[in-house]
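When a ligand or atom number is given, it counts from 1 through the structure's own listing order.
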Amino acid sequence: MDVFEAILRRRDVRNEFSGEVLDDERLTRLLRAAHSAPSVGNTQPWDFVVVQDRDTLARFAGHVGRCRDDFAASLPEDRKDTFNPIVIEGIESSGTGVVVTYDPTRGGKNILGRHTVDETGHLSVALAIQNLWLAATSEGVGVGWVSFYHEDFLKALVGVPEHVHVVAWLCVGPVTEFQTVPDLERFGWRDRRPLEDAVHRERFMN
Ligand SMILES: Cc1cc2nc3c(=O)[nH]c(=O)nc-3n(C[C@H](O)[C@H](O)[C@H](O)COP(=O)(O)O)c2cc1C
């Protein structure tokens, strides 16, 4: 699969995990793709915690379910009806969670490129995630990004040190199919903006 095809086929997967647990060889290939990402000052500030213990997956799924309920309760009635049928995670059905973290101390104090824009550290980790996501797509493996959690809960669950941040829980596993239309579009939550609305020439505002 070429890179454009992987970009266009990539989906956030929640419902389509096959139930088969990803083998170590393919998982390592995906983690190597993530670890090949560009990073500010070449700091490689990411780490990956692979979680396959059924009890840990169930505990995280329970926490995410409670966060989902809190979000649903915060919505106006019409949005609640749109949100309710949308599945927001495949934590147990994927069989594998990859917790991606960001260590702001990696590389010491003088990070080449981060001295004026601190967010470049977090952005580097996002690029590692996107690498993994595209590599997974090209192998017929699904990825679903879960952000319905409280960071302290997840840090305690998988033993992340105090100074390290959690960036994502990724559900990773073989899929039966990739949807062609993102779930949030299919269920009427939000559509992709036209490219013309996102591209500006010379100045953002005239
Ligand atoms: C930072 C980030 C956090 C996300 N968190 C969630 C989440 O908690 N649950 C979920 O179902 N999808 C989550 N998503 C996936 C988006 O909903 C999805 O990417 C978007 O709807 C577009 O769909 P597509 O990825 O299939 O193109 C997240 C995506 C990103 C980039």
Side-chain angles (χ1 to χ4, degrees), residues 1 3-17 30 33-34 37 45-46 48-49 51 57-75 79-102 119-155 157-158 165-195 197-198:
M1 193 183 290
V3 71
F4 271 91
E5 197 182 341
I7 287 168
L8 295 175
R9 287 200 68 196
R10 185 209 54 78
R11 280 279 75 78
D12 186 79
V13 175
R14 308 104 193 260
N15 284 307
E16 293 80 20
F17 291 110
L30 302 185
W46 46 71
F48 309 101
V49 184
V51 181
L57 296 176
R59 282 169 61 203
F60 185 59
H63 172 74
V64 167
R66 289 187 289 280
C67 294
R68 183 205 159 94
D69 291 345
D70 291 344
F71 179 65
S74 75
L75 293 171
R79 289 305 264 169
K80 216 175 270 185
D81 291 343
T82 309
F83 177 65
N84 275 338
I86 300 176
V87 173
I88 53 102
E89 52 86 8
I91 297 162
E92 294 185 88
S93 58
S94 65
T96 300
V98 176
V99 182
V100 187
T101 61
Y102 165 55
E119 291 84 354
T120 49
H122 265 107
L123 295 172
S124 304
V125 178
L127 292 173
I129 293 170
Q130 181 74 340
N131 266 14
L132 184 150
W133 212 337
L134 293 176
T137 307
S138 78
E139 299 229 355
V141 173
V143 173
W145 186 322
V146 181
S147 55
F148 279 62
Y149 57 77
H150 292 290
E151 188 177 12
D152 288 349
F153 178 93
L154 184 47
K155 283 176 75 164
L157 186 69
V158 299
H165 301 278
V166 173
V167 177
W169 175 293
L170 304 177
C171 306
V172 182
V175 289
T176 50
E177 59 168 337
F178 288 109
Q179 293 290 344
T180 53
V181 178
D183 280 12
L184 297 199
E185 287 190 35
R186 287 195 303 131
F187 287 90
W189 181 261
R190 193 176 307 286
D191 291 343
R192 187 168 292 281
R193 301 160 65 208
L195 175 64
D197 289 2

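- Nearest protein heavy-atom neighbour of atom 23 (O) of ligand 1: Pro182 CB, 3.4 Å.
- For atom 7 (C) of ligand 1, the nearest protein heavy atom lies closer than 4.0 Å.
- The CG atom of Leu154 lies 11.0 Å from the CZ atom of Arg59; values are rounded to the nearest 0.5 Å.
- Annotation: atom 16 (C) of ligand 1 to nearest protein heavy atom, Arg14 NH2, 3.9 Å.
- With a 4.0 Å heavy-atom cut-off, ligand 1 is reached by the side chain of Leu184 but not by its N, CA, C or O.
- Remark: the backbone N or O of Trp145 is paired with a side-chain donor or acceptor of Asp12 at under 3.5 angstrom.
- In this structure, CG on Asp191 lies 5.0 Å from CD on Glu185, to the nearest 0.5 angstrom.
- Residue nearest to atom 24 (P) of ligand 1, selected from Val143, Val167, Asp12: Asp12 (by heavy-atom distance).
- With respect to the salt-bridge test (charged N to carboxylate O, under 4.0 angstrom), the residues Lys155 and Asp152 do not qualify.
- Note: Tyr149 and Trp169 fail the aromatic proximity criterion, with ring centroids not under 6.0 Å apart.
- Within the 3.5 Å criterion, the main-chain N or O of Ser138 finds no donor-acceptor partner in the side chain of Arg10.
- Ranking protein heavy atoms by distance to atom 9 (N) of ligand 1, first place goes to Ile88 O, 3.0 Å.
- Although no hydrogens or angles enter the test, the distance criterion places a donor-acceptor pair under 3.5 Å between the side chain of Trp133 and the main chain of Arg11.
- Not one N or O of Glu89 is nearer than 3.5 Å to an N or O of ligand 1, by distance alone.
- With hydrogens and angles ignored, the 3.5 Å screen pairs a side-chain donor or acceptor of Glu151 with a backbone N or O of Val166.
- If you look at Glu185 next to ligand 1, there are no close heavy atoms at all, none under 4.0 Å.
- Scanning the protein for heavy atoms near atom 13 (C) of ligand 1, the closest one is Trp145 O, 3.0 Å.
- The distance criterion of under 3.5 Å between nitrogen or oxygen atoms is met by Arg10 with respect to ligand 1.
- Residue Phe148 comes nearest to Ile88 through the heavy atom pair CG-CD1, 3.8 Å, listed as atom of the first residue, atom of the second, then distance.
- Of the protein's non-hydrogen atoms, Ser147 OG, 2.8 Å is the one closest to atom 5 (N) of ligand 1.
- Residue contacts with ligand 1: Arg192 is included, with a non-hydrogen atom under 4.0 Å away.
- Remark: ligand 1 atoms within the under-4.0 Å shell around heavy atoms of Arg11 are 24 (P), 26 (O), 27 (O).
- Shown in contact with Val146 at under 4.0 Å from a heavy atom are these atoms of ligand 1, numbered in order with element: 7 (C), 8 (O).
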